[in-house]
Amino acid sequence: MDQRQKLGARIKELRLKRGLTQQRLGDLCELSYKYLGNVERARENPTFDALLKIASGLGIEPWELLVFEHTDKDPAALRKELNVLLKDADLSSLQAAVKILRALSN
């Protein structure tokens with residue numbers, strides 16, 4: 001999945017999480033629902049201004065549109081990300097991470 005596809009998937013994920021249709025999000029951010037659909041399917045490359053409008057319509061900060069590392073399906077990449085996140089963690093943070101991971105695995 002390329003970066004444009006990840007962006008489109010992220011916008012769709014956030015839209016659905018808020019219970020919005022493409023039409024409703026289009027109304028909120030003053031963009032065509034057809035354009036939004038094409039962005040979600042990576043057929044359109046949104047401008048910076050469009051991204052600002054989409055973020056506003058979703059009620060989020062613009063940078064949140066670009067947080068899509070969690071969508072990675074490659075176990076090796078996910079393990080690498082966990083290692084990076086935990087590399088410099090103090091004891092308290094490591095203990096909390098272990099508790100969270102144990103809770104998720106149950």
Side-chain angles (χ1 to χ4, degrees):
M1 185 179 287
D2 70 17
Q3 299 302 310
R4 195 169 13 173
Q5 290 170 319
K6 287 181 180 182
L7 174 62
R10 177 69 170 154
I11 292 169
K12 182 176 182 178
E13 170 194 16
L14 292 166
R15 176 178 62 76
L16 293 175
K17 185 185 270 187
R18 284 158 179 73
L20 299 173
T21 63
Q22 289 175 345
Q23 178 70 52
R24 181 66 182 131
L25 179 58
D27 292 343
L28 290 171
C29 60
E30 300 177 351
L31 294 170
S32 160
Y33 74 92
K34 291 180 182 180
Y35 175 76
L36 287 172
N38 284 330
V39 169
E40 288 182 1
R41 289 186 295 281
R43 293 182 183 159
E44 287 278 353
N45 193 15
T47 65
F48 182 72
D49 288 338
L51 289 175
L52 292 176
K53 287 180 177 185
I54 293 168
S56 176
L58 291 168
I60 62 171
E61 294 295 322
W63 63 265
E64 293 178 85
L65 292 173
L66 303 176
V67 178
F68 37 75
E69 290 86 6
H70 66 283
T71 62
D72 201 333
K73 304 290 189 225
D74 177 28
L78 293 171
R79 284 185 182 89
K80 183 178 178 182
E81 179 69 18
L82 281 172
N83 285 332
V84 168
L85 290 170
L86 297 174
K87 185 181 126 208
D88 296 323
D90 61 15
L91 178 60
S92 175
S93 296
L94 288 170
Q95 289 170 332
V98 167
K99 284 181 185 178
I100 291 168
L101 290 171
R102 281 188 183 140
L104 290 173
S105 67
N106 290 333

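Just so you know, residue 1 is the first one in the sequence shown, and it goes up from there. For the numbers below, each heavy atom of this structure counts, side chains included, while hydrogens, waters and symmetry mates do not.
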Distance-only donor-acceptor hits, side chain of residues 23-33, under 3.5 Å, sequence neighbours excluded:
{"residue": "Gln23", "atom": "NE2", "partner": "Asp27", "partner atom": "OD1", "Å": "3.2"}
{"residue": "Ser32", "atom": "OG", "partner": "Lys34", "partner atom": "N", "Å": "3.0"}
{"residue": "Ser32", "atom": "OG", "partner": "Tyr35", "partner atom": "N", "Å": "3.4"}

Separation of Leu36 CG from Leu20 CG (nearest 0.5 Å) | 10.5 Å
Answer with yes or no whether the hydrophobic clustering places Ile60 together with Leu51; edges join I, L, V, M, F, W, Y residues whose side-chain heavy atoms lie under 4.5 Å apart.
-> yes
Value rounded to 0.5 Å, distance of CG in Leu16 from OG1 in Thr21 = 10.0 Å
Look up atom CD in Glu64 and atom CD1 in Ile54, then write down how far apart they are to the nearest 0.5 Å.
-> 14.0 Å
Do Leu7 and Gln3 touch side chain to side chain, with heavy atoms closer than 4.5 Å?
-> no
Nearest 0.5 Å, what's the CG-CD1 distance between Leu66 and Ile11?
-> 8.5 Å
Have a look at Glu40 and tell me which of Arg4, Lys6, Arg15 forms a salt bridge (Lys or Arg N to Asp or Glu O under 4.0 Å) with it.
-> Arg15
Should side-chain heavy atoms under 4.5 Å link Ile, Leu, Val, Met, Phe, Trp and Tyr, which residues sit in the same cluster as Phe48?
-> Leu52
Measure the shortest side-chain to side-chain distance between Lys87 and Asn83 over non-hydrogen atoms and say whether it is less than 4.5 angstrom.
-> no
What's the spacing between Glu13 CD and Arg18 CZ if we round to 0.5 Å?
-> 9.0 Å
Which atoms form the tightest heavy-atom contact between Ala55 and Pro62, and what is the distance?
-> CB-CA, 3.7 Å
